Asker: 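Mind having a look at this structure? Questions to follow.
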Amino acid sequence: MTLSVIIPTYNEAANIARLVADLRRYALDGQVEILVVDAHSPDDTADAARQAGATVLLAPKPGRAAQMNHGAQQATGDILYFVHADVGIHPDYVATIGAAVAQGHEAGCYRFRFDSNHPLLRINSYGTRFPGIMSRGGDQTLFVTQALFQRLGGFNERFVIMEDFEIILRIRKVASFFIVPQEVRVSARKYETNSWLRVQIANLTAFSLFFLKVQPTRIARTYKAMLNYR
């Protein structure tokens, strides 16, 4: 089976070259296709991605769900692997994902750990080993077979936020969703810019609005208003 890695980006020049280099370093030649789907970043994200060895696609419209769908439309792999630009992937990602799919799991994600030893963030990281939907998130990366992704119709582009949770809920209705017992590394920058409690309250608010079926654009506005994005 072949793997297509799809990375949605906007102003990720500081991270994208490292990620692409790691994806290539941990894979054999020809094993992995790396597609960076950029939302016309004003910084040099696209150039940095090309120079690192990725194929760069320009998104026809902004929004992470739309960008990932566009990448999936161009992907040639049997398995799609959606990765955020600031994530540190696991070195054995190709073998681990391939083994999970071979065992009958059509989709799944990794656990994560933050790039910080703050005790409260260690608690958050520990929670990602459990199956509950509130323990999930796009930072954990997401793999899904091309066949299942097509059956589902891809990401719901109406969700300008929470698109990862929405598709996981749909996946779990029709397929086995596997939590890989290994970790990817995620950035703690949101917690460092805000407080741990502030981010937790914002997350809980977004989940509550999501389950109440509030319009995604309203959820996004509310969430962004609650946090400092400096």
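What you see below is based on every heavy atom in this structure, not just the backbone, and it leaves out hydrogens, waters and symmetry mates. Worth saying up front: this structure is predicted, and the values here are computed from it rather than measured. Residues take their numbers from the sequence shown, with the count starting at 1.
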Asker: Report yes if some heavy atom in the side chain of Val37 is under 4.5 Å from a heavy atom in the side chain of Ile6; otherwise report no.
Answerer: yes
Asker: Please give me the minimum heavy-atom distance between Gln67 and Ala59, naming the atom from each residue.
Answerer: CG-CB, 3.6 Å
Asker: Salt-bridged, Glu183 to Arg113, with N to O below 4.0 Å?
Answerer: yes
Asker: Any non-hydrogen side-chain atom of Ser135 less than 4.5 Å from a side-chain atom of Phe112?
Answerer: no
Asker: Looking only at side-chain N and O atoms, does Glu12 offer a donor or acceptor that is under 3.5 Å from a partner on Ser41?
Answerer: no
Asker: Applying salt bridge (charged side-chain N to carboxylate O under 4.0 Å, His left out), name anything that partners Lys61, two or more places apart in sequence or on another chain.
Answerer: Glu157
Asker: Measure the shortest side-chain to side-chain distance between Ile79 and Gln146 over non-hydrogen atoms and say whether it is less than 4.5 angstrom.
Answerer: no
Asker: Search all heavy atoms of Leu23 against all heavy atoms of Ile34 and return the closest pair with its distance.
Answerer: CB-CD1, 3.7 Å
Asker: Which atom names give the shortest non-hydrogen contact between Cys109 and Gln140, and what distance separates them?
Answerer: SG-NE2, 3.7 Å
Asker: Nearest 0.5 Å, what's the NZ-CD1 distance between Lys224 and Ile219?
Answerer: 12.0 Å
Asker: Are Glu33 and Leu3 packed together at the side-chain level, in the sense that at least one heavy-atom pair is separated by less than 4.5 angstrom?
Answerer: no
Asker: Take atom CZ of Arg172 as the centre, draw a 6.0 Å sphere, and report whether it contains more than 12 heavy atoms from other residues, nucleotides or ligands.
Answerer: yes
Asker: What's the spacing between Arg218 CZ and Leu212 CG if we round to 0.5 Å?
Answerer: 9.0 Å
Asker: Side chains of Leu35 and Ile7: closer than 4.5 Å at any heavy-atom pair?
Answerer: no
Asker: Please name all residues satisfying side-chain contact (heavy atoms from CB on, under 4.5 Å) with Ala52, sequence neighbours left out, ordered by chain then number.
Answerer: Ala17, Val20
Asker: Does a donor on one side chain and an acceptor on the other come within less than 3.5 Å for Thr2 and Asp78?
Answerer: yes
Asker: Do Phe149 and Phe82 touch side chain to side chain, with heavy atoms closer than 4.5 Å?
Answerer: yes
Asker: Counting neighbours of CZ on Arg24 that are heavy atoms of other residues, nucleotides or ligands and sit closer than 6.0 Å, is the number greater than 12?
Answerer: no
Asker: Would you check, one step at a time, whether the test side chain to side chain contact (heavy atoms under 4.5 Å, CB included) holds for Asp164 with Leu142?
Answerer: CA-CA 8 Å; Asp164 39 9; Leu142 172 69; 5.8 Å; no
Asker: Hey, does Tyr26 have a side-chain heavy atom less than 4.5 Å from the side chain of Val32?
Answerer: no
Asker: Say whether Leu121 and Leu204 are linked into one hydrophobic cluster, either directly or through other cluster members, by side-chain heavy-atom distances under 4.5 angstrom.
Answerer: yes
Asker: If you look at every heavy atom in Ala206 and Tyr223, which pair is closest and at what distance?
Answerer: CB-CD1, 3.9 Å
Asker: Are Ile123 and Tyr191 connected in the hydrophobic side-chain network, where two residues link if heavy atoms are under 4.5 Å apart?
Answerer: yes
Asker: Is any NZ, NE, NH1 or NH2 atom of the basic residue among Arg189 and Asp86 found under 4.0 Å from an Asp or Glu carboxylate oxygen of the other?
Answerer: yes
Asker: What about the rings of Tyr93 and Tyr110, do their centers lie closer together than 6.0 Å?
Answerer: no
Asker: Transitively linked via ILVMFWY side-chain contacts under 4.5 Å: Phe207 with Ile171?
Answerer: yes
Asker: Would you check, one step at a time, whether the test side chain to side chain contact (heavy atoms under 4.5 Å, CB included) holds for Val87 with Arg185?
Answerer: CA-CA 6 Å; Val87 166; Arg185 187 185 72 255; over 6 Å; no
Asker: Taking atom CD1 of Ile179 and atom CZ of Arg111, what is their separation to the nearest 0.5 Å?
Answerer: 8.0 Å
Asker: Treat each ILVMFWY residue as a node, draw an edge where side-chain heavy atoms are under 4.5 Å apart, and state whether Ile89 and Val101 are in one component.
Answerer: yes
Asker: Could you walk me through whether Gln200 and Asn124 pass the side chain to side chain contact (heavy atoms under 4.5 Å, CB included) check?
Answerer: CA-CA 10 Å; Gln200 296 304 108; Asn124 282 34; 3.1 Å; yes
Asker: Considering residues at least two apart in sequence or located in another chain, which fulfil the ring pair (Phe, Tyr, Trp, His ring centres under 6.0 Å) criterion with His105?
Answerer: Phe178
Asker: Will you find, in the side chains of Asp38 and Thr45, an N or O donor that is under 3.5 Å from an N or O acceptor?
Answerer: no
Asker: Rounded to the nearest 0.5 Å, what separation is found between the CD atom of Glu166 and the CD1 atom of Ile161?
Answerer: 13.5 Å
Asker: Quick one, Tyr81 with Ser4, criterion side-chain hydrogen bond (donor to acceptor under 3.5 Å, both in side chains). Give me CA distance, side-chain angles, the key distance, then yes/no.
Answerer: CA-CA 6 Å; Tyr81 186 34; Ser4 292; over 6 Å; no
Asker: Taking atom OG1 of Thr9 and atom CD1 of Ile16, what is their separation to the nearest 0.5 Å?
Answerer: 5.5 Å
Asker: Looking only at heavy atoms, what is the nearest atom pair of Pro42 and Asn11, with distance?
Answerer: CD-OD1, 3.0 Å
Asker: How many angstroms lie between atom CZ of Arg129 and atom CD of Gln182, to the nearest 0.5 angstrom?
Answerer: 12.0 Å
Asker: Students often mix this up, so state it plainly: with edges at 30° and 60°, are the rings of Phe159 and Phe210 parallel, tilted or perpendicular?
Answerer: perpendicular
Asker: For the residue pair His84 and Gly138, what are the closest heavy atoms and their distance?
Answerer: CE1-C, 3.5 Å
Asker: Answer with yes or no whether the hydrophobic clustering places Met68 together with Leu148; edges join I, L, V, M, F, W, Y residues whose side-chain heavy atoms lie under 4.5 Å apart.
Answerer: yes
Asker: Just by modelled atom types, is the Met226 backbone N or O under 3.5 Å from a matching donor or acceptor in the Arg198 side chain?
Answerer: yes
Asker: Evaluate the side-chain proximity of Glu106 to Val144: yes if any heavy-atom separation is below 4.5 Å, no if none is.
Answerer: no
Asker: Please answer whether the main-chain N or O of Ala100 pairs with a side-chain N or O of Gln103 as donor and acceptor at a distance below 3.5 Å.
Answerer: no
Asker: So Val199 and Leu227, side chain to side chain contact (heavy atoms under 4.5 Å, CB included) or not? Walk me through it.
Answerer: CA-CA 7 Å; Val199 176; Leu227 296 176; 4.1 Å; yes
Asker: Checking the side chain of Asn69 only, and the main-chain atoms of Phe155 only, is there a donor and an acceptor separated by less than 3.5 Å?
Answerer: yes
